[in-house]
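See below for the structure under consideration.
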Amino acid sequence: MIVVAGEALIDLVPGEAGDGVLPALLPRRGGGPYNTAVALGRLGAPAAFCSRVSADGFGEALLAGLRAAGVDVSLVQRGPEPTTLAVADVGTDGSAGYAFYAEGTADRLFELPGPLPGTVSLCLGTCSLVLEPGASAYEALLRREAERGVFTLLDPNVRAGLIPDASAYRARFRSWLPHVTLLKLSEEDARWLGGSPEQWLAEGPAAVVVTHGAAGLSVHTRSGTRHSVPAPAVEVVDTIGAGDTVNAALLHGLAERGALSRGALDTVPWPDVLRFAAHAAALTCTHAGAEPPPAGASSNAGRAGFSPSGV
């Protein structure tokens, strides 16, 4: 079982309609960890979601989306507080910025669950590791499962507007690295955090994957190997959920090769895994909002089809 832990929220994405001044805002299920869990489910991976979700209508819709993707929701905590909202501002190039409405929302009150039996990998990141008191519970989950030998993937997916003390967050990020097997982050995250793959590898992870937007993906391993692949050319609607889809595709590709272990990351055929992740992310970019592709989806993204067996 691959467990994804973190927030589930509603993205409000600009639509084409509106009053001529303000665009219509269309609700879409989202949140980095939520998108990753849905993408894993759509790929056919055995996945579970671990979070705290509101009992309101948005929360019910979020759970319905997980179930439809085949994701186990038995680890989801429920609460009466409202669902977090993220208002997306999509640029002309499809990139997205966000304004968050997260005060007093359900996902912030996540509590550390009991042991996660049968778990081979744990994926965390984004707002859930920033917003207290839930952030401390997610951090404790990361440390506990890493000590049990669980493969861990961390995607910081930095939302600077939610971070009141950048220096404190950067220090906290570094404290997580000894408990991380695979660190995945964007070029923008890397610049904001102020480090390099070589520095981060020295502090704990066995491999670091960096996303470069339209330029593709690269990986650095502790053995010193480095591989890069280009991103397929697609007509981008927006980039919402693309990085989250990369997380899912990486985990799925590694799992299919029996490589969800620290020692395996030096020898895995990274170009194949990266190409699979790049293609999956490209397909996500062809839809509005976070819509990870199902297995078997196809596009003109440089391959005739998209299949988990093609990693």
Side-chain angles (χ1 to χ4, degrees), residues 4 6-39 49 51-66 79-110 124-132 134-135 138 155-166 169 185-189 191-192 211 213 236-247 281 284-292:
V4 185
E7 77 279 357
L9 52 79
I10 294 295
D11 286 327
L12 297 177
V13 180
E16 295 182 1
D19 63 2
V21 178
L22 294 173
L25 293 176
L26 306 176
R28 296 283 188 268
R29 292 175 284 230
Y34 179 89
N35 297 337
T36 297
V38 169
F49 189 57
S51 183
R52 191 168 190 273
V53 173
S54 175
D56 65 12
F58 283 144
E60 292 298 327
L62 288 163
L63 286 182
L66 290 166
E81 303 81 14
T83 298
T84 298
L85 302 178
V87 180
D89 181 16
V90 180
T92 56
D93 62 351
S95 61
Y98 299 90
F100 292 90
Y101 295 85
E103 191 63 35
T105 52
D107 55 274
R108 295 188 68 164
L109 301 179
F110 172 79
L124 302 99
T126 318
C127 310
S128 56
L129 286 168
V130 175
L131 299 172
E132 295 289 5
Y138 285 113
D155 175 13
N157 200 8
V158 174
R159 303 301 185 213
L162 289 175
I163 300 173
D165 186 334
Y169 178 83
L185 72 176
S186 68
E187 264 186 339
E188 294 81 5
D189 290 340
R191 284 194 295 268
W192 191 91
T211 61
V236 175
V237 175
D238 64 47
T239 62
I240 298 172
D244 311 322
T245 302
V246 169
N247 295 338
T284 301
C285 291
T286 62
H287 300 278
E291 284 295 335

If the condition is side chain to side chain donor-acceptor pair (under 3.5 Å), which residues does Glu132 pass it with, not counting sequence neighbours?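 Expected list: Ser136, Arg172.
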Go through the structure and list residues passing side chain to side chain donor-acceptor pair (under 3.5 Å) with Asp56, not counting sequence neighbours.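 In terms of side chain to side chain donor-acceptor pair (under 3.5 Å), with neighbours along the sequence ignored, Asp56 is linked to Ser54, Thr83.
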Taking all heavy atoms of [X] and all of [Y], pick out the closest pair and write down the distance.
{"X": "Tyr34", "Y": "Ala61", "result": "OH-O, 4.2 Å"}
{"X": "Asp155", "Y": "Leu185", "result": "OD1-CA, 4.3 Å"}
{"X": "Thr84", "Y": "Ala102", "result": "CG2-CB, 3.8 Å"}
{"X": "Gly30", "Y": "Leu62", "result": "N-CD2, 4.1 Å"}
{"X": "Ala135", "Y": "Leu129", "result": "CB-C, 3.6 Å"}
{"X": "Asp244", "Y": "Gly31", "result": "OD2-O, 4.5 Å"}

Rounded to the nearest 0.5 Å, what's the gap from [atom1] on [X] to [atom2] on [Y]? Could you check?
{"X": "Leu85", "Y": "Leu25", "atom1": "CG", "atom2": "CG", "value": "10.0 Å"}
{"X": "Glu7", "Y": "Thr126", "atom1": "CD", "atom2": "OG1", "value": "5.0 Å"}
{"X": "Ile10", "Y": "Phe58", "atom1": "CD1", "atom2": "CZ", "value": "5.5 Å"}

Tyr169: what forms a ring-ring contact (aromatic ring centres under 6.0 Å, His included) with it, not counting sequence neighbours?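 Checked Tyr169 against ring-ring contact (aromatic ring centres under 6.0 Å, His included); matches are Trp176, Trp192.
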Could you tell me which residues satisfy salt bridge (charged side-chain N to carboxylate O under 4.0 Å, His left out) with Asp107, sequence neighbours excluded, listed by chain and number?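 Once residues adjacent in sequence are excluded, Asp107 has no partner under the salt bridge (charged side-chain N to carboxylate O under 4.0 Å, His left out) criterion.
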Of all residues at least two apart in sequence or in a different chain, which pass the salt bridge (charged side-chain N to carboxylate O under 4.0 Å, His left out) check with Glu60?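 Here the qualifying residues are Arg78.
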Decide yes or no for [X] and [Y]: does some side-chain heavy atom of the first lie under 4.5 Å from some side-chain heavy atom of the second?
{"X": "Asp189", "Y": "Ser186", "result": "yes"}
{"X": "Arg108", "Y": "Glu103", "result": "yes"}
{"X": "Asp11", "Y": "Pro27", "result": "no"}

Test log, rule side-chain contact (heavy atoms from CB on, under 4.5 Å), inputs Leu26 and Arg28: CA-CA 6 Å; Leu26 306 176; Arg28 296 283 188 268; 3.8 Å; yes
List the steps, then state whether side-chain contact (heavy atoms from CB on, under 4.5 Å) holds for Val130 with Arg159. CA-CA 9 Å; Val130 175; Arg159 303 301 185 213; over 6 Å; no
Please list, chain by chain and in numerical order, all residues satisfying side chain to side chain contact (heavy atoms under 4.5 Å, CB included) with Leu109, sequence neighbours excluded.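 Partners of Leu109 under the side chain to side chain contact (heavy atoms under 4.5 Å, CB included) test: Arg52, Glu81, Pro133.
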Intermediate values then yes/no, side-chain contact (heavy atoms from CB on, under 4.5 Å), Leu9 and Phe100: CA-CA 10 Å; Leu9 52 79; Phe100 292 90; 4.1 Å; yes
